[in-house]
Amino acid sequence: MNKLWIAFHGYGRVGKDTAGNAVIAAVPGMKRVAMGDYIKADTDAVLQEYTGISAWTDDPVGKEQIRGFLVQAGYHRYPKYWQQMTEKAQHEPLLVNTRIFRLEECQWWVDNGGVIFEIVRPNCGPKDPKEHEELLAVREAGLITAAVFNDGTVPEFERKITNLTRGLAAVKLGLTTTAEGVLV
């Protein structure tokens, strides 16, 4: 089977998880991988004990309260999380990465046949200087395949991602879309 690896880059809260869910819904067998999942799994018990907030929270206020801790945990144990993610990824032909970040991660993804889309959302900037520096480095290295603008409603954005995904699946996997919108 051919490989279809799609990753999303962009600032926090631009819609990377929403995009990832749309990709999973569009391609049968697509699996999610994200370094943040390993960070959250590793830190959830501590966060719940000391803050009462799960690392997996969907609450925007809670997310903002624990964001700094998750970011620092990711920096502190980066080699461990990177190894976990790459070990899982290299055996999967259908992957969506909902938050690719560092230049070396992006280079590895592209070198292994993946594509990277930057998600841009109006009035949504970097949460910290490192986030901006990394995005600029990835752009300057030419690793961003294209930008996708999240400038409408959630259903409109999901439709953009679904259409993009179907087009990629047609090219990379030789699949076609039925009249019902199902990839076969």
Side-chain angles (χ1 to χ4, degrees), residues 4-27 30-40 47 53-75 78 81 85 95-110 114-172 177 181 183:
L4 178 60
W5 282 12
I6 300 171
F8 296 106
H9 200 302
Y11 299 135
R13 313 292 301 153
V14 296
K16 295 182 298 292
D17 285 326
T18 300
N21 291 336
V23 170
I24 290 168
V27 180
M30 182 66 75
K31 294 182 181 175
R32 172 192 151 99
V33 66
M35 186 109 59
D37 292 348
Y38 299 103
I39 297 167
K40 289 174 184 179
L47 281 167
I53 302 170
S54 171
W56 304 98
T57 186
D58 286 328
D59 173 51
V61 174
K63 276 187 170 187
E64 197 55 41
Q65 289 175 334
I66 64 173
R67 184 179 191 288
F69 179 82
L70 292 172
V71 166
Q72 290 308 310
Y75 290 145
Y78 179 82
Y81 303 134
M85 195 193 81
L95 278 180
V96 60
N97 186 331
T98 56
R99 184 178 188 269
I100 200 159
F101 180 62
R102 292 183 177 191
L103 178 61
E104 52 273 16
E105 294 168 22
C106 295
Q107 188 66 62
W108 180 86
W109 190 264
V110 170
V115 296
I116 302 171
F117 296 102
E118 178 184 347
I119 298 181
V120 179
R121 186 175 184 181
N123 303 315
C124 203
K127 303 295 182 206
D128 61 57
K130 183 76 173 155
E131 192 175 39
H132 185 65
E133 291 169 19
E134 290 290 345
L135 180 57
L136 289 178
V138 172
R139 281 180 186 161
E140 289 171 8
L143 298 173
I144 302 288
T145 304
V148 181
F149 290 85
N150 183 1
D151 55 356
T153 66
V154 171
E156 289 169 340
F157 179 59
E158 290 171 330
R159 213 168 14 261
K160 282 182 186 179
I161 297 298
T162 298
N163 291 337
L164 178 66
T165 301
R166 287 179 179 155
L168 274 172
V171 171
K172 292 221 172 222
T177 304
L183 282 170

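Throughout, residue positions are numbered sequentially from 1 according to the sequence presented.
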Subject >> Contact summary for Cys124 and Gly12, nearest pair of heavy atoms >> reply: SG-O, 3.3 Å
Original post:
Could you state the interatomic distance from CG (Asn21) to OG1 (Thr162), rounded to the nearest 0.5 Å?
Top reply: 10.5 Å
Original post:
Under 4.5 Å between any side-chain heavy atoms of Leu47 and Ile53, yes or no?
Top reply: no
**OP:** Output the distance between atom CD1 (Ile6) and atom CE (Met30), rounded to the nearest 0.5 Å.
**Re:** 4.5 Å
**OP:** Identify the two heavy atoms, one from Ala34 and one from Asn97, that lie closest to each other, and give their separation to 0.1 Å.
**Re:** CA-OD1, 3.9 Å
**OP:** Would you check if Val148 and Phe157 make a side-chain contact, meaning some heavy-atom pair closer than 4.5 Å?
**Re:** yes
Original post:
Should Met35 and Tyr78 count as side-chain neighbours, where that means a heavy-atom distance under 4.5 Å?
Top reply: yes
Original post:
Is there side-chain contact between Gln107 and Glu104, with heavy atoms separated by less than 4.5 Å?
Top reply: no
Subject >> Heavy-atom closest pair, residues Ile100 and Ala7 >> reply: CG2-CB, 3.9 Å
Subject >> Flag side-chain contact, heavy atom, 4.5 Å: Leu95 against Trp109 >> reply: yes
**OP:** Look up atom CH2 in Trp108 and atom CG in Leu143, then write down how far apart they are to the nearest 0.5 Å.
**Re:** 13.5 Å
**OP:** Side-chain contact test, heavy atoms from C-beta onward, threshold under 4.5 Å: evaluate it for Asp37 versus Arg32 and give yes or no.
**Re:** yes
Original post:
Hey, does Val138 have a side-chain heavy atom less than 4.5 Å from the side chain of Phe101?
Top reply: no
**OP:** Return the minimal non-hydrogen interatomic distance between Ala55 and Lys40, and the atom names on each side.
**Re:** O-CD, 3.4 Å
Subject >> Given Arg102, Arg67, Arg13, the one that forms salt bridge (Lys or Arg N to Asp or Glu O under 4.0 Å) with Glu131 >> reply: Arg67
Original post:
So how far is it from Ile66 CD1 to Asp59 CG, rounded to the nearest 0.5 Å?
Top reply: 9.5 Å
Original post:
If you round to the nearest 0.5 Å, how far is CD1 of Ile119 from CD1 of Ile144?
Top reply: 10.5 Å
Subject >> Residue pairs, two or more places apart or on separate chains, that pass side chain to side chain donor-acceptor pair (under 3.5 Å) and touch residues 138-150 >> reply: Glu118-Arg139
Original post:
Of Arg121, Lys16, His132, which meets side chain to side chain donor-acceptor pair (under 3.5 Å) against Tyr11?
Top reply: His132
Subject >> Glu156/Lys160 ion pair, N-O < 4.0 Å >> reply: no
**OP:** State, yes or no, whether a side-chain contact exists between Tyr38 and Val33 at a heavy-atom distance under 4.5 Å.
**Re:** yes
Subject >> Ile116 side, atom CD1; Phe8 side, atom CZ - distance, nearest 0.5 Å >> reply: 11.0 Å
Subject >> Shortest non-hydrogen contact from Ala19 toward Ile161 >> reply: O-CG2, 3.4 Å
